[in-house]
Amino acid sequence: MVSGLVAFRGRLHDARTATAVGRWLGVAILVCFVTGVISHLLQEPPAWLLGRLPTRPVWGYRLTQGLHVAAGIAAVPLLLAKLWTVYPRLFQKPPVRSVRHALERLSVAVLVAAALLELFLGLLNIAQWYVWPFSFRQVHWALAWVLVGALLLHLAVQAPRITAHWRRDRTDPDGPDRRALLLGVAAATGAVTLVTAGQTLPLLRPLNLLAPRHPDHGSQGLPVNRTAAAARVTPEVLRNWRLEVAGPRPYTLTLAELGGMPQHRSDLPITCVEGWSADARWDGVRLSELLERAGAPPGAAVRVVSLQRGGAFRTSVVGPRHARDPLTLLALRVNGEVLNPDHGYPARIISANRPGVLQTKWVTRLEVLA
Ligand SMILES: Nc1nc2c(c(=O)[nH]1)N[C@H]1C(S)=C(S)[C@@H](COP(=O)(O)O)O[C@H]1N2
Ligand SMILES: [Mo]
């Protein structure tokens, strides 16, 4: 190793430290990956899955997406610590010793680049900073597979070292330097988790200092991601609102007629993919009753169409189980008040164990799907 890097030798940069930090990072990435796959499948279920998506537990998606974002945030200090630990190896000389060595280094380069980019995109997304021209979700999804593939390759290549250093070496005990480093990394990881997890964990709410969202800041006790103004749902657009239900026996309802139907109550959280979630009390008409009235067959799915003009979340599909679930409402009220325009006045979908992006606001049309 060249002399300029001497300061980077020593046990803070050895395989034992790299293994210790690496396994925490590995756990965080694994949690992100598994929960990310779940989130992706819920948002864009393939046809075979749509009819099988579970409606319980009602807090399922809240848990998995809360974990996804918390583990992603925790991975940031872990990744930085890991890179700092292996730093001398990233700049070793000569850069390439053999074909095998070149391939190994190339896989590490892919791993580092994918990990940095994936976490960076995720952070920008939870800050709602959509500065790129591409679809966040498609890129985040594709990169996740690159990252996991490169990680598995890395684990395979490094397996002998990892197993050798998994346990503490009794002949070479952790000195105060390594203990201090690992403690510092653990403290930093714990701290960023504590000051952001309050966006989904009610217990940690008072500590929610850094998360972009505070679940109880916002009108009617809920945050708003897209306002009526942003969706161009103006008073003129709302003036002649009707609910159209298209199916074997199509019909149309005014708001007064909808309000005259039996009203039901659901206590359900909204869980945004960006990691915040909040409980709310919803009142409205059961989706299942609206569909029955249209003569929908029992296993039918429904397309929900919003008044919103354009945009990816203008429509959503409610799968058969959710369509039949007594908790799924076309909600007219939230937390005891008529929905305000930002929360989807006059009517929105609310359902259990589903991502927030599918809880379509400003609903004007339901289409029974064959
Ligand atoms: N029509 C429509 N519905 C929508 C959205 C949207 O952009 N357009 N955003 C969704 C997202 S991303 C979330 S998290 C929830 C948030 O609901 P809230 O604003 O009432 O809290 O609404 C969903 N419903
Ligand atoms: Mo969302």
Side-chain angles (χ1 to χ4, degrees), residues 35-36 38-40 42-44 59 61-62 64-66 68-69 72 121-130 135-137 140 199-200 211-234 237-238 241 243-244 266-284 287 302-318 322 328-367:
T35 53
I38 291 174
S39 187
H40 190 83
L42 289 181
Q43 281 181 67
E44 246 175 55
W59 42 263
Y61 186 69
R62 185 180 208 181
T64 62
Q65 194 60 11
H68 184 77
V69 173
L121 287 180
L123 283 180
L124 289 191
N125 183 255
I126 62 177
Q128 281 217 318
W129 206 37
Y130 298 96
S135 150
F136 163 77
R137 196 147 51 82
H140 201 60
Q199 64 177 330
T200 184
R213 292 322 165 79
H214 217 285
D216 39 15
H217 292 186
S219 58
Q220 303 187 312
L222 282 177
V224 171
N225 263 28
R226 168 136 336 153
T227 60
R232 288 189 290 146
V233 177
T234 57
V237 175
L238 287 171
W241 184 87
L243 178 71
E244 276 177 53
S266 298
D267 289 305
L268 289 176
I270 274 215
T271 302
C272 183
V273 294
E274 289 153 9
W276 62 264
S277 62
D279 283 307
R281 167 159 291 181
W282 310 90
D283 293 286
L287 184 62
V302 196
R303 181 187 308 284
V304 178
V305 183
S306 168
L307 277 178
Q308 178 183 342
R309 307 210 208 123
F313 308 145
R314 201 178 78 84
T315 69
S316 64
V317 172
V318 181
H322 284 89
T328 303
L329 301 181
L330 187 65
L332 307 179
R333 303 171 69 85
V334 63
N335 293 331
E337 294 171 16
V338 171
L339 291 169
N340 72 22
D342 287 342
H343 286 303
Y345 175 86
R348 78 173 301 164
I349 289 291
I350 187 72
S351 49
N353 195 18
R354 278 172 99 227
V357 292
L358 303 179
Q359 314 283 28
T360 306
K361 305 195 273 193
W362 313 292
V363 172
T364 189
R365 195 177 151 80
L366 301 171
E367 296 168 5

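Sequential numbering from 1 along the given sequence is applied to the chain's residues. Atom set for the values below is all heavy atoms of this structure, side chains included, hydrogens, waters and symmetry mates excluded. Order of appearance sets the numbers: ligands from 1, and atoms from 1 within every ligand.
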Is there a donor-acceptor pair under 3.5 Å between the side chain of K361 and the backbone N or O of D342?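 Flag set: sc K361 to bb D342 pair under 3.5 Å.
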How far apart are the closest heavy atoms of N335 and A280, and which atoms are they?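 Answer, listing the atom of N335 first, then A280: OD1-CA, 3.5 Å.
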Can you find a heavy atom in the side chain of L366 that is under 4.5 Å from one in the side chain of L287?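 L366 vs L287: side chains touch.
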When rounded to the nearest 0.5 angstrom, what distance separates CZ in R232 from CZ in R226?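 These two atoms lie 10.5 Å from each other.
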H322: partners by side-chain hydrogen bond (donor to acceptor under 3.5 Å, both in side chains), with sequence neighbours left out: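 Scan of H322 (side-chain hydrogen bond (donor to acceptor under 3.5 Å, both in side chains), adjacent residues dropped) gives none.
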Answer with yes or no whether the side chains of T364 and E244 bring together a donor and an acceptor at under 3.5 Å.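 No, T364 and E244 have no side-chain donor paired with an acceptor closer than 3.5 Å.
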So which protein residues pack against ligand 1 under 4.0 Å, heavy atoms counted?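 Contacting ligand 1 under 4.0 Å are P223, V224, N225, R226, I270, C272, W276, S306, Q308, F313, H343, R348, G356, V357, Q359, T360, K361, W362.
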